[in-house]
Each structure stands twice: as structure tokens, then as C-alpha cells.
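Below: one structure, written as C-alpha cells.
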Amino acid sequence: MLNFTWHMDLPLSDGLIAVHHRAREIVVAWAGTHRYRALVTDMAVFPLPYISGTSIGVYGGFLDSVRGVIDAVARNLEQLMSEYPSYMVTFTGHSKGGAEAAISALDLVRRIEGLQSRARVWTFGEPRLGDKQFTALYNRRLGNVTYRVTSLADPVVVMPPKFLVDYCHHNTELWIMNEEGDIYVGQNHTDCLEDPRASSSIGFYDRSIQWHKNYLGLPPPDHANALFSW
């Protein structure tokens, strides 16, 4: 059951909140890059402070896109959590949407009473999101209930490159390690390390954008009728 949608132009983001009664689940889904203007968000890689007055750095473009709509998302989510107190809350998205899902989940567990115990996060093809301090904060709050799915040779999951900005991945990586769909569960870390046996084992020049656009044999739903997709 669809509850709320948003299509923001400045800062740009798209998404929805829906209720899946059979699964007893509230879903907060963020769309990936399917509008040309979203490339501006994708390219705004340099950090902004996640918490004002601190040095905790997070991907600036994604932080702006989340904060532009987070108040409306919070209001609708709180109402649904009150109406369905036994339902879990899942944050999800692909690519840009995966990054926004993770940031919004962290924002909202810090803001909404009772969400911490009900939240889980599933992202697909998510880029690196923030610095070592942000990653540590994320892992303390959500690392044990986050599943960061990476496809075999997806180049986006190793972006932005560390020579440009020293960002880290949060826990927990589920790497689709071959075309048969076998999954390797990445070993969690408490510092800015990535499991060398997971997605980071693939050389950059062996990667293809096709692996980013096809997860588990299915294209992301937001690519279906898009003028542009990434």
C-alpha cells in the first residue's frame, strides 16, 4: 500500500514510503540516478559535516538530497509506525538511492524513538559514503542490521576513488561473487578497511557498468521508464 511519494528538484531526490502488510513491513525506498540532473548530486563527492559543528564527513551531494526531504519522510514514517507498531521498517535503494537510504536510516534512528529496534537497511550498488568517523558512527547504530549488496564487478561500489577522497564502506557487505549468484558475506571491520576477499578483490579495469545496472538478474525498478539510468 503506497503511503507517500516525493519528487524533489532542489536538492534532487525521489522516493516513496509503502506498507507491505503480508510481510508486516514499512518500506522507505529511494530511487537511483534516473534523471540527468541527479548527476550533479552524484558528482558532489566532497564531504559535508554529518553533524553540524563536528568533523564527521559524509558525501555532500547525498547528504543534501536526504536533508531536503527528511522532515516529510520522518512525519509520515512516525505516523505509520504508530499505526503498525509490530511492523519492521526497511530502508532500501539502488546506487544513489542506496546511499540516500543509508543516510536517511541513520538520520531517523537518531530522531525517532523506537525506530532503532525496528530498522533494517538493504542497499544495492551503493558507493562509498563517508569518512572513517561517519563509518564508525553508522556501524555502531546500524552495521548489524544493514546488508550492502554488491554485484560481481560493479564499478560504482568502489567510487569515489580513495585517491580523490578517503571514504569508507560501512558493514555488512553481501558480494554476489559469480554469475550463478553465489554470495560471499564480507567480514565486518571497525575501521576503514574493506574485505579483500569481497568486491574489492576485483581490479578496477575488470569492472563493467553492466554489473551495476543488473542486480540478481533484475534491473532496478526505477530504470524501467527512465530517460536516463545509472
Side-chain angles (χ1 to χ4, degrees), residues 4-17 28-78 89-112 115-116 119-143 145-146 148 156-171 192 194 212 222 230:
F4 172 65
T5 64
W6 66 90
H7 304 281
M8 301 288 291
D9 286 327
L10 190 67
L12 190 146
S13 71
D14 303 273
L16 61 86
I17 302 176
V28 182
W30 295 76
T33 305
H34 66 289
R35 290 197 273 167
Y36 286 108
R37 281 177 292 174
L39 289 171
V40 176
T41 300
D42 293 349
M43 291 187 292
V45 302
F46 293 104
L48 291 175
Y50 177 68
I51 299 172
S52 180
T54 73
S55 60
I56 302 172
V58 68
Y59 201 126
F62 300 145
L63 182 65
D64 279 345
S65 63
V66 169
R67 295 284 169 83
V69 73
I70 198 68
D71 289 344
V73 173
R75 285 194 301 272
N76 284 272
L77 180 57
E78 284 185 288
V89 179
T90 298
F91 297 84
T92 191
H94 171 262
S95 191
K96 167 182 173 288
E100 292 165 336
I103 293 172
S104 68
L106 183 57
D107 270 6
L108 293 174
V109 298
R110 297 176 62 243
R111 176 172 176 170
I112 299 177
L115 178 56
Q116 178 79 57
R120 54 190 175 189
V121 184
W122 282 88
T123 72
F124 301 84
E126 178 191 339
R128 294 179 179 124
L129 198 50
D131 65 14
K132 186 175 181 178
Q133 292 182 84
F134 175 80
T135 304
L137 173 62
Y138 187 94
N139 285 340
R140 285 196 302 271
R141 298 299 298 263
L142 289 167
V145 293
T146 295
R148 181 173 55 81
V156 172
V157 302
V158 293
M159 302 299 288
K162 285 186 172 289
F163 70 80
L164 182 64
V165 59
D166 193 17
Y167 286 169
C168 314
H169 270 307
H170 57 72
N171 299 334
C192 200
E194 296 173 15
H212 183 63
D222 58 70
W230 186 259

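Hydrogens, waters and symmetry mates play no part in the numbers below; they use all other heavy atoms, side chains included. Residue numbers start at 1 and run along the sequence shown. The model shown is predicted, which means the values in this text are computed figures rather than measured ones.
- Contact check for Glu126 versus Val157: no side-chain heavy atoms found under the 4.5 Å cut-off.
- The line from OG of Ser65 to CD1 of Ile103 is 6.5 Å long, rounded to the nearest 0.5 Å.
- Note: His7 NE2 to Asp14 CG = 6.0 Å, rounded to the nearest 0.5 Å.
- When every heavy atom of Ala29 is checked against every heavy atom of Trp6, the shortest pair comes out as O-CH2, 3.9 Å.
- Note that the CD atom of Glu194 and the SG atom of Cys168 stand 7.5 Å from one another [nearest 0.5 Å].
- When Tyr50, Tyr167, Phe62 are each tested for a ring-ring contact (aromatic ring centres under 6.0 Å, His included) with Phe134, only one passes: Tyr50.
- Arg111 has a carboxylate O that lies under 4.0 Å from a charged side-chain N of Asp71, or vice versa, which qualifies the two as a salt bridge.
- Summarising the geometry of Tyr59 relative to Pro160, their closest heavy-atom pair is CE1-CD, 3.8 Å, with the distance given to 0.1 Å.
- Annotation: side chain of Trp122 is in contact with side chain of Thr90 (closest heavy-atom distance under 4.5 Å).
- Minimum interatomic distance between His212 and Gly125 (heavy atoms only, all atoms of both residues): CE1-O, 3.2 Å.
- Closest heavy-atom contact between Phe91 and Leu108: CE2-CD1, 3.8 Å.
- For the pair Leu142/Arg120, no side-chain contact is recorded, criterion being any heavy-atom separation below 4.5 Å from C-beta on.
- Shown here are the salt bridge (charged side-chain N to carboxylate O under 4.0 Å, His left out) partners of Arg140, two or more places apart in sequence or in another chain: there are none.
- Separation of the Tyr138 and His170 ring centroids falls under the 6.0 Å cut-off.
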Legend entry - CA sep, side-chain torsions, deciding dist, call: Arg128, Val158, side-chain contact (heavy atoms from CB on, under 4.5 Å): CA-CA 7 Å; Arg128 294 179 179 124; Val158 293; 4.0 Å; yes

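- Partners of Asp107 according to the salt bridge (charged side-chain N to carboxylate O under 4.0 Å, His left out) rule, which considers only residues two or more places apart in sequence or in another chain, are Arg67.
- In terms of heavy-atom proximity, Asp131 sits nearest to Gly57 at OD2-N, 2.7 Å.
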Legend entry - Pair Trp30-Thr92, side chain to side chain donor-acceptor pair (under 3.5 Å): steps then yes or no: CA-CA 6 Å; Trp30 295 76; Thr92 191; over 6 Å; no

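- Taking 4.5 Å as the limit, every side-chain heavy atom of Asn171 sits out of range of all side-chain heavy atoms of Thr146.
- The distance from atom CD1 of Ile56 to atom CG of Leu137, rounded to the nearest 0.5 Å, is 5.5 Å.
- Using a 4.5 Å heavy-atom cutoff, the side chains of Val58 and Pro47 are not in contact.
- For the pair Arg141 (side chain) and Val109 (backbone), a donor-acceptor distance under 3.5 Å is present.
- Two residues are said to be in side-chain contact when any heavy atoms from C-beta on lie closer than 4.5 Å; Leu129 and Thr135 fail this criterion.
- For Asp166, the salt bridge (charged side-chain N to carboxylate O under 4.0 Å, His left out) criterion is met by Lys162, not counting sequence neighbours.
- Val28 places none of its side-chain heavy atoms less than 4.5 Å from the side chain of Phe4.
- Looking at heavy atoms from C-beta onward, Glu100 lies out of side-chain contact with Ile70 at the 4.5 angstrom threshold.
- The minimum heavy-atom distance linking Thr123 with Gly98 is given by the pair CG2-O, 3.4 Å.
- Using modelled atom types, one side-chain atom of Gln133 and one backbone atom of Ser55 make a donor-acceptor pair closer than 3.5 Å.
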